[in-house]
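Take a look at the structure below.
This chain uses plain numbering: 1 for the first residue, then up along the sequence. Note that ligands are numbered from 1 as they come in the structure, with each ligand's atoms numbered from 1 the same way.
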Amino acid sequence: MVEKKVLKAISSKSSDEFYSPVPKNFVKGKTKFIFVTGSVMSGLGKGIFTASLGRLLVDRGLKVRPMKLEAYLNVDSGTINPYRHGEVFVLDDGTETDMDLGTYERFLDITLDKNSFVTSGRIYKNVIEKERRGEYLGRDVQFIPHVTGEAKLAVLNLAASSKADVVLVEIGGTVGDYENLFAIEAMRELAFQLGKENVCFVNLTFVLEPKHAGEFKSKAAQLGLRKLLELGITPDVIVCRSQNQIPEKIKEKISMNSGVQMNRVFALPDIDNIYKIPLFLRKQGVDEKILEVLELSKKFKANGSKSLKSWTAKNLIPERKPVTIGIVGKYTGLHDAYISILKALEHCAAKSKTPFRLEWIESANLEKPGGENALKRIDGMIIPGGFGSRGVEGKISAVKFAREKKIPFLGLCYGFQMAVIEHARNACGLKNANTTEVDAKTPSPVICILPEQDEIEDLGGTMRLGGFDVLISPKTIAHSLYGSLKARERFRHRFNVNTEFIGALEKNGMVFSGKAPKKRIMQILELSKEAHPFFVASQFHPELTSRPLKPNPLFLGFYSACRKKAGL
Ligand code: GLN
């Protein structure tokens, strides 16, 4: 327990030696903190572990708010290439984040805001802006205490704004990286300031199993943990990731070497289905031990795993004949670029107890002769979001194929715009119709820049971003799917349907069944049931709001059309 005096001294005015701002409405002890770090290597599945831990705590009745402290210098994820780093996940408030935020929202079934995503770039930017405003009152600005102070403030801000029982912080990167050193130091300081009973450190490490050795090797894990100890942090709980189940002997070595009791060292081998992870952790007592550290075990008892078992069971997909869904986009081997789409399909698969198989169709290949053959095997087609001109003609010909061959079609953002262009060209006779994103001089600019976007020059955070209301027209397919005349969905675009062409498009059979409330922005389009078994597209990204056990309505409608087409 830290003396109140110390906390007060540490947190008072900015001019103090120990600059460490605390938000006004932060109540010490109200919110506890769990910090998740990773050692040995990246790619441990820290995001999924953090989300699973969150699920366990929610299951016990705690109010949990997760947060990612991302190590990179980008201010947000908006300018990062998704084919390199995975999809850009957009929050309802328009924050462009890492795909881990999607995992948190889905596993915890909550809507997060900007307070749950902070990058090193954002922290440095805050520090530099404060310096320019003279907020450091003449002091030289330093890594410690100013950058660490800013990192602590970000964590405390989430606690203060959410009033959660637990704030669950995933620290991006690996222990030993340069980038996250200050974040780890900040968390060490915070544990000192707040008192040990308010903070739990969890380290995810990795146990190797080299083929040539024929056994598990714990040295890398030991060294990784040593690195954390060097930084002044003894983890309260260690979770050993590995390919296969590790023996007790390995856990003993890790326990002895790091000074963490055996009953706080857990194993998490690769598991075939991520929805099984929370229950797997519960069975070993991971959440129980963490709550013990936080002195919360009495207040939040586990309810015998009954609800968790049912959550797990409902998310599993039986092995049966699958539907085949084609995704026409840019294929690079990194499926993470389309992760929310895959998750949304998983939600539908679990709900309908029908699995799916994916066909990745490289849109640029559809521009070559015979390219269409790839489309013949599918029961449904998704054209996802995208930017720029590469593969656009291929996507437009894919829309034509889906429309003519009556293949269920779901267009998402750029896919919506492709459907408009195809309709303009082939149903309205506007031969050279295009989006001005691809052809600035097209005679029929059916997709054009949003008026408010015209003057913007910066790339970061400047699109039409985040959640907006969608007004749905009565008696349309969208209406029957949403079961409501209003929906809220998330957007990330610069271009939209040119209002000058709406009349012509509608006259030739396109129905705009979802619109923005005040502006003339078309948000959902469809072809009538008589014209096509399922042809729907949205200017928004419905995949971002789909949740386990609550699939997004547009996805669910599409999925059941695919099942029908496949005779399943
Ligand atoms: N490039 C299109 C636009 O900016 C579509 C964006 C997207 O698919 N997310 O409007």
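- Residue-to-ligand polar distances keep Cys413 apart from ligand 1: every N/O pair is separated by 3.5 Å or more.
- Side-chain contact between Tyr559 and Phe534 is absent, with no heavy atoms from C-beta onward closer than 4.5 Å.
- Ligand-side atoms of ligand 1 in range of Gly385: 8 (O), range being under 4.0 angstrom from any heavy atom.
- Considering backbone and side-chain atoms together, Tyr414 places an N or O closer than 3.5 Å to an N or O of ligand 1.
- Ring-centre distance between Tyr275 and Phe107: below the 6.0 Å cut-off.
- Using a 4.5 Å heavy-atom threshold, the side chains of Phe416 and Gln539 count as touching.
- In this structure, the ring of His493 has its center less than 6.0 angstrom from the ring center of Phe491.
- Checked against the 6.0 Å centroid criterion, the rings of Phe409 and Phe401 do not qualify as a close aromatic pair.
- Not one N or O on the side chain of His532 forms a donor-acceptor pair closer than 3.5 Å with the backbone of Ser528.
- Close approach of ligand 1 to His541 is summarised as follows: ligand atoms under 4.0 Å from at least one heavy atom of the residue are 9 (N).
- Under a 4.0 Å heavy-atom criterion, Gln417 is in contact with ligand 1.
- In this structure, of Arg494, His493, Glu437, the residue bringing a heavy atom nearest to atom 2 (C) of ligand 1 is Glu437.
- Taking distance alone, with nitrogen or oxygen atoms compared against 3.5 Å, Gly386 approaches ligand 1 more closely than that limit.
- The cationic group of Lys46 does not satisfy the cation-pi geometry with Phe49, failing either the under 6.0 Å distance to the six-membered ring centre or the 45° limit from the ring axis.
- For the pair Gln539 and ligand 1, no heavy-atom separation below 4.0 Å is found.
- For ligand 1, the atoms closer than 4.0 angstrom to any heavy atom of Phe495 are 3 (C), 4 (O), 10 (O).
- Atoms of ligand 1 found under 4.0 Å from any heavy atom of Arg492 (numbered from 1 in listed order, with element): 6 (C), 7 (C), 9 (N).
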